[in-house]
Asks: 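Here's a structure for you.
Scope of the values below: all heavy atoms of this structure, side chains included, with no hydrogens, waters or symmetry mates.
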Amino acid sequence: MTERRYVPSEVETKWQQNWEASNAHDTTTDSSKPYYYCMEQFPYPSGRLHMGHVRVYSIGDVVARFKKMSGYNVLHLMGWDAFGMPAENFAIQHGVHPNVSTFDNIAFMRNQQKQLGLSYDWSRELATCSPDYYKWTQWIFQLFYERGLAYKKKAAVNWCPECSTVLANEQVIDGACWRCDSEVVKKDLEQWFFKITEYADRLLTDLDQLQGGWPENVITMQRNWIGKSTGAEITFSIAGQAEQLTVFTTRPDTVYGVSYIVLAPENALVQQLIAGYEHQADVQAFIDKVRKASEIERTSTDAEKVGIFTGAYAVHPLTGEKLPIWIANYVLPDYGTGCVMGVPAHDQRDFEFATKYELPIIPVIEPEEGLESNQTSAVTGEGKLINSAEFNGLSNAEALTQIVEALEQKGIGKTTTSFRLRDWLISRQRYWGAPIPMINCPSCGTVPVPKEQLPVLLPEHVDFGVKGKSPLETNDEFVQTTCPSCGGAARRETDTMDTFIDSSWYYLRYTGEGDGTLPFDTEAANNWMPVDKYVGGIEHAILHLLYSRFFTKVLHDAGLVNFVEPFESLLTQGMVVLNGAKMSKSKGNVVSPEDIVSKYGADTARVFILFAAPPDRDLEWSDQGVEGANRFLNRVWRMVDNHIPILRKKNLTADASGEAAKKLRMATHATIKKVTEDIGTRYNFNTAISAIMELVNAIYTYPDAADAGTKAEAIRTAVILLHPAAPHVTSELWEMMGETSKLYALEWPSYDESALVLDEIEYVVQINGKVRERLVFPKDATKEEIETQAVASDKVQALLEGKSIKKVIVVPGKLVNLVVG
RNA sequence: GCGGGUGUGGUGGAAUGGCAGACACAACAGACUUAAAAUCUGUCGGGUUUCCCGUGCCGGUUCGAGUCCGGCCACCCGCACCA
């Protein structure tokens, strides 16, 4: 037998071709097997894979392959989040149409994915930019419209000058564009919105269902983003005017402490209040200045609070007192009612404002430790009411309820909730997206494109580079149309949809295309969904995951699906970093997957990535670590290659009666148990691989004279357990062993519980919790026997001299602890 | 400020409340080799080494704490004038 060398490129090409030819990864729908939906976030076709991609796919592939071997029908596939601005910017710079560059990129990246040996069912691949996909994105848009969830409004929206398009709230990070990081400005535009706020409460409460399946921090981030707070709306009348104003407060218990009212400068009421006021021009100048300030300046906590008196007064609904009405930069126009009651004594922001502008500070809650005579900050804690007429003496919790009741009776207040979540702005003034399937008719208004006319195709020829104008506007043929309702001349909507819409439903399309009357096969979707394991980056903690949850709920309400949450379990994988920093071209610290795969092979890349860190943590790239992973695969290779004769011997039976054989058999079965749990329930692939390494080490040190059958069993098991992580090399080794079965279709091994039990167990003997001796006891030794012998041992006796035993703890199978005084 | 997370050898990281540092990387030594690489075998937290100390710091619970509880510190992430 001549020694064979491990050449990854040969092995990997061979098995990739083999799997493709035998349709190894086709989705099965065997009714006798349970369903398992394993999904990785689909990529934007940027051109080539980066290590972050390799990591997500490696994780997903281990899970998918493991589940297939464990007897599941597994849905595991790949698609392309293919609309988006980079392709369009590339077109502007290089004159290559997105239709061309996108599909080139897809072809290249698909090839890279195939080289990684990922077990996708390629027959179900999709791209969101293909008309037969975005037709249904448009269909869903219209469904939202019909259900009153898509609407157009003029609003001050986030505008990214660099991308020359608007952005949703979620897409503004610290006042900057999520994509290009340039500063976002406010612009008044008429735009399409999705009414996600109508689902705010359900998006919040259903998070409870995800507890356990989703990482706690993602749930918390969503909870904060939705930002529900309970409080009351209180109506104030305005002195000398018929108009009223309503404030939202979470602290109606402090209503007697109100000393002024303050509005957001944008509040519609402001113009009316200042009309005819002698300083009207000054107020107007103030408003213009605040509105010009950037989002960052405006919303930063340490920005100075500035305001101006409007000249108008409100009337306190309970005391009848006159309260000056101010406007200030610290009041947000689009939260609550855009109007706040100022309670300086009990709200820090109001306190700062009142101190600055010398407004009265009226304490109405006295904490247990009493009030300072000269308040230096707001008192926000619990206490008893003072200065509050008939509510004096009540605890503020009691007062809260009673005051709201009193206001309610007078018809000037009610309990209400407020959310921080805003409606989702979905229009984009860009070309490479799904056109919004609507028509603007001068006489009929906004009219949906009839369903049978979908998709509204993206026109091939447009002028990309006109700043501030949607490229679709530059194609007359596209814009000019007739109104479906009256037949008159009309204009098409020229904005496209936010690409997050495309990715909000792709997981449903994956399950099946259906008969062409609906966006997806609803029966298949109900079978496969919700996704059992969704692997992706934490950067989508809010954006994509919140939008997808919203879509699922709307589709549920429309009767298309029978579940309300799309992703039962979420695995957020950490970044791949080099020297502690995220790999990026600008930092010049990028390690390219192509180089690693061509030098060491995909199996090595996969094993290294899985082994180097638990999946949810950042992974520090290490060239030496990669070498180590490659060394390990070579070690496995040699282990098999050196034992071909015993591995091929068909009638070789295992006899684990000898001591060494018994130990190895135990190691084999303990490894099966550990790897099964690590992959299947803990998703800790690093410890799964280290367990296999231990088994391999045990096989290497197994004495030549010991039972060969037991060794063959151990080797075979190690190869099978390693298969999900390193599918190519293990398939080759399987074949080298003379096996004709398909390793990927093999049943996952089960372990023999009885093999895990040792006849003799080493106990640790502790004195006062410190290890002092080790003793071996038969597995069925009683507590009494263990205690007696432990105490009787020479070492223990020596240490016990002059002391007495106060207590003995025996943990069966583990240790004895003698408490000595 | 609020919410969440993380702190363990030179490094990545292991440890259902039960032997801290599995597995690997790096380093060192030996075997093989004319030599190197590869491979195999071994050493590898610290110290004043029969023993003692050691999981960010200080306390607590427990026979026993990296793990649970309380209070700090540092770093990371998210939100951040949300009334």
Asks: With A:Arg420 as the cation and A:Tyr335 as the aromatic partner, state whether NZ or CZ is under 6.0 Å from the six-membered ring centre and within 45° of the axis.
Replies: no
Asks: Would B:rG56 be called syn or anti here, given the cut-off of 90° from 0?
Replies: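 Anti.
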Asks: Considering only B:rA83, B:rG18, B:rG7, which nucleotide approaches the side chain of A:Val331 most closely?
Replies: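 Ranking B:rA83, B:rG18, B:rG7 by closest atom to the A:Val331 side chain puts B:rA83 first.
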Asks: On RNA chain B, does the nearest nucleotide to A:Val764 precede the nearest nucleotide to A:Glu216 from the 5' side, or the other way round? Give the residue.
Replies: A:Glu216
Asks: Roughly how many Å is it from CD in A:Glu620 to C1' in B:rA24, rounded to a whole number?
Replies: 15 Å
Asks: Quick one: does A:Lys807 reach the base of B:rC63 with a side-chain donor-acceptor pair under 3.5 Å?
Replies: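 A donor-acceptor contact between them is absent.
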Asks: Can you tell whether the side chains of A:Asp208 and A:Arg223 come within less than 4.0 Å, N to carboxylate O?
Replies: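 Yes.
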Asks: Mind checking if A:Val811 touches a base, just sugar-phosphate, or nothing, with heavy atoms under 4.0 Å?
Replies: base
Asks: Which residue, A:Pro333 or A:Tyr700, contacts RNA chain B at a nucleotide closer to its 5' end, judged by nearest heavy atom?
Replies: A:Tyr700
Asks: Please tell me if A:Asn768 has a side-chain N or O lying less than 4.0 Å from either OP1 or OP2 of B:rG64.
Replies: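 Answer no for this pair, as no side-chain N or O of A:Asn768 is under 4.0 Å from OP1 or OP2.
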Asks: Decide, yes or no, whether a salt bridge links A:Lys305 with A:Glu352 under the criterion of side-chain N to carboxylate O below 4.0 Å.
Replies: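 Yes, A:Lys305 and A:Glu352 are salt-bridged.
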Asks: Expressed as a whole number of angstroms, how long is the span from A:Arg617:CZ to B:rG12:C1'?
Replies: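 Taking CZ of A:Arg617 and C1' of B:rG12, I get 9 Å after rounding.
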Asks: Measure from CG on A:Leu721 to P on B:rC23 and round the result to the nearest Å.
Replies: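 The answer, rounded to whole Å, is 18 Å.
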Asks: At under 4.0 Å between heavy atoms, what does A:Asn686 touch on the DNA or RNA strands: base, sugar-phosphate, or nothing?
Replies: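 Sugar-phosphate contact only.
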Asks: Is the phosphate of B:rG18, meaning OP1 or OP2, less than 4.0 Å from a side-chain N or O of A:Lys814?
Replies: no
Asks: Is any side-chain N or O of A:Arg420 under 3.5 Å from a base N or O of B:rC79, one able to act as donor and the other as acceptor?
Replies: no
Asks: Using a 4.0 Å heavy-atom cut-off across all strands, classify A:Val340 as base, sugar-phosphate, or nothing.
Replies: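 Base, at least one base heavy atom under 4.0 Å.
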Asks: Side-chain contact test, heavy atoms from C-beta onward, threshold under 4.5 Å: evaluate it for A:Tyr683 versus A:Leu571 and give yes or no.
Replies: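 SC-SC contact between A:Tyr683 and A:Leu571 confirmed.
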Asks: For B:rA83 and A:Tyr330 - does any side-chain N or O of the residue sit under 4.0 Å from the phosphate oxygens OP1/OP2?
Replies: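 Result: no.
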Asks: Indicate, with a heavy-atom threshold strictly under 4.0 Å, whether A:Pro215 touches base, sugar-phosphate, or nothing.
Replies: nothing
Asks: Between B:rC28 and B:rC72, how far apart are the P atoms? Round to whole Å, please.
Replies: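 About 46 Å, rounded to a whole number of Å.
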Asks: In whole Å, what separates the P atom of B:rC73 from that of B:rC63?
Replies: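 Between the two P atoms, the distance is 32 Å.
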Asks: Is there side-chain contact between A:Val306 and A:Phe286, with heavy atoms separated by less than 4.5 Å?
Replies: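 In short, these two side chains touch, coming nearer than 4.5 Å.
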Asks: Between A:Phe353 and A:Tyr330, does the ring centre distance come in under 6.0 Å?
Replies: yes
Asks: OH of A:Tyr600 versus P of B:rA38: gap in Å, rounded?
Replies: 11 Å
Asks: Nearest to the side chain of A:Phe248 - B:rC81, B:rA83, B:rC40?
Replies: B:rA83
Asks: Are any protein N/O atoms closer than 3.5 Å to N/O atoms in nucleotides 25-31 of chain B? If there are, list each pair with its distance.
Replies:
{"from": "B:rC25", "atom 1": "OP1", "to": "A:Arg631", "atom 2": "NE", "distance (Å)": "3.2"}
{"from": "B:rC25", "atom 1": "OP1", "to": "A:Arg631", "atom 2": "NH2", "distance (Å)": "2.6"}
{"from": "B:rA26", "atom 1": "OP2", "to": "A:Arg631", "atom 2": "NH2", "distance (Å)": "3.2"}

Asks: If the sugar-phosphate is the primed atoms plus P, OP1 and OP2 and the base is the rest, what is the B/S/- string for nucleotides 47-56 of chain B, using protein heavy atoms under 4.0 Å?
Replies: -----SS---
Asks: May I ask you to say what A:Asp618 touches in the nucleic acid, namely base, sugar-phosphate or nothing, with a heavy-atom cut-off under 4.0 Å?
Replies: sugar-phosphate
Asks: Consider the side chain of A:Ser690, meaning its heavy atoms from C-beta on, and name the nucleotide among B:rC23, B:rA83, B:rC63 that approaches it most closely.
Replies: B:rC23
Asks: How many Å lie between CD on A:Gln766 and P on B:rC63, as a whole number?
Replies: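 Checked: the CD to P distance equals 14 Å.
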Asks: What's the closest nucleotide to the side chain of A:Phe611 if the choices are B:rC19, B:rA83, B:rA24?
Replies: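 Shortest atom-to-atom distance from the side chain points to B:rA24.
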Asks: Given atom CD1 of A:Ile761 and atom C1' of B:rG18, what is their separation to the nearest angstrom?
Replies: 14 Å
Asks: Please check the phosphate of B:rC2 (OP1 and OP2 only) for any side-chain N or O of A:Arg223 closer than 4.0 Å.
Replies: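 Checking A:Arg223 against B:rC2: no side-chain N or O falls below 4.0 Å of OP1 or OP2.
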Asks: When the C1' atoms of B:rU67 and B:rU49 are considered, how many whole Å apart are they?
Replies: 29 Å
Asks: Looking at A:Arg422 and A:Asp334, is any side-chain nitrogen of the basic one under 4.0 Å from a carboxylate oxygen of the acidic one?
Replies: yes
Asks: Using only atom types and a distance under 3.5 Å, with no angle test, would you say the side chain of A:Gln797 pairs donor to acceptor with the backbone of A:Val791?
Replies: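 It does hold such a pair.
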Asks: Flag the pair A:Trp178 / A:Val172 as yes when at least one side-chain heavy-atom distance between them is below 4.5 Å, and no otherwise.
Replies: no
Asks: Whole-Å distance between B:rC2 P and A:Gln348 CD?
Replies: 12 Å
Asks: Can you tell me which stems RNA chain B forms, taking runs of 3 or more consecutive Watson-Crick or G-U pairs with both distances under 3.5 Å?
Replies: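 Result, WC/G-U stems under 3.5 Å: B:1-7 with B:73-79, B:10-12 with B:23-25, B:27-31 with B:39-43, B:45-47 with B:51-53, B:56-60 with B:68-72.
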Asks: I want to verify a distance call: between B:rG18, B:rC79, B:rG4, whose nearest atom is closest to the A:Thr220 side chain?
Replies: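 Among the listed nucleotides, the one closest to the side chain of A:Thr220 is B:rG4.
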Asks: Given B:rA83, B:rU41, B:rG18, identify the nucleotide with an atom nearest to the side chain of A:Ser229.
Replies: B:rA83
Asks: Quick check on A:Lys289: does its NZ atom have over 12 non-hydrogen neighbours (other residues, nucleotides or ligands) under 6.0 Å away?
Replies: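 Result for NZ/A:Lys289: open.
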Asks: Quick one: label A:Asn217 by what it contacts on the DNA or RNA (base, sugar-phosphate, nothing), any heavy atom closer than 4.0 Å.
Replies: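 Sugar-phosphate contact only - A:Asn217 comes under 4.0 Å of backbone atoms but never of a base.
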Asks: Provide the distance between the two P atoms, one in B:rG47 and one in B:rG9, to the nearest whole Å.
Replies: 15 Å
Asks: What contact category does A:Ser418 fall into here, base, sugar-phosphate, or nothing, at under 4.0 angstrom with non-hydrogen atoms?
Replies: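 No contact.
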Asks: Mind checking A:Phe419 for me? I need base, sugar-phosphate or nothing, with any heavy atom below 4.0 Å counting as a touch.
Replies: nothing
Asks: Quote, to the nearest angstrom, the C1' distance that separates B:rA65 from B:rG60.
Replies: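 My reading of the C1' atoms in B:rA65 and B:rG60 gives 11 Å.
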Asks: Could you work out the separation of B:rG70 and B:rC76 based on their P atoms and round it to a whole Å?
Replies: 25 Å
Asks: What is the distance, rounded to the nearest whole Å, between atom CG of A:Asp616 and atom P of B:rG13?
Replies: 11 Å
Asks: From the options B:rA83, B:rA22, B:rG3, select the nucleotide whose nearest atom is closest to the side chain of A:Thr249.
Replies: B:rA83
Asks: If I pick the C1' atom on B:rG66 and the same atom on B:rA15, what distance separates them, to the nearest angstrom?
Replies: 9 Å
Asks: Would you call B:rU6 syn or anti, using the 90° rule around 0?
Replies: anti
Asks: Using the side-chain heavy atoms of A:Asn817, tell me which of these nucleotides is nearest: B:rG12, B:rG64, B:rC23.
Replies: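 Per side-chain heavy atoms of A:Asn817, the pick is B:rG64.
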Asks: Taking C-beta and beyond as the side chain, do A:Gln375 and A:Ile361 meet within less than 4.5 Å on heavy atoms?
Replies: yes
Asks: Taking OP1 and OP2 of B:rA24, is either one under 4.0 Å from a side-chain nitrogen or oxygen of A:Asn697?
Replies: yes
Asks: A:Met693 has a side chain; which of B:rG18, B:rC23, B:rC40 sits nearest to it?
Replies: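 So the nucleotide nearest the side chain must be B:rC23.
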Asks: Between B:rC57 and B:rC2, how many Å separate the two C1' atoms, rounded to a whole number?
Replies: 24 Å
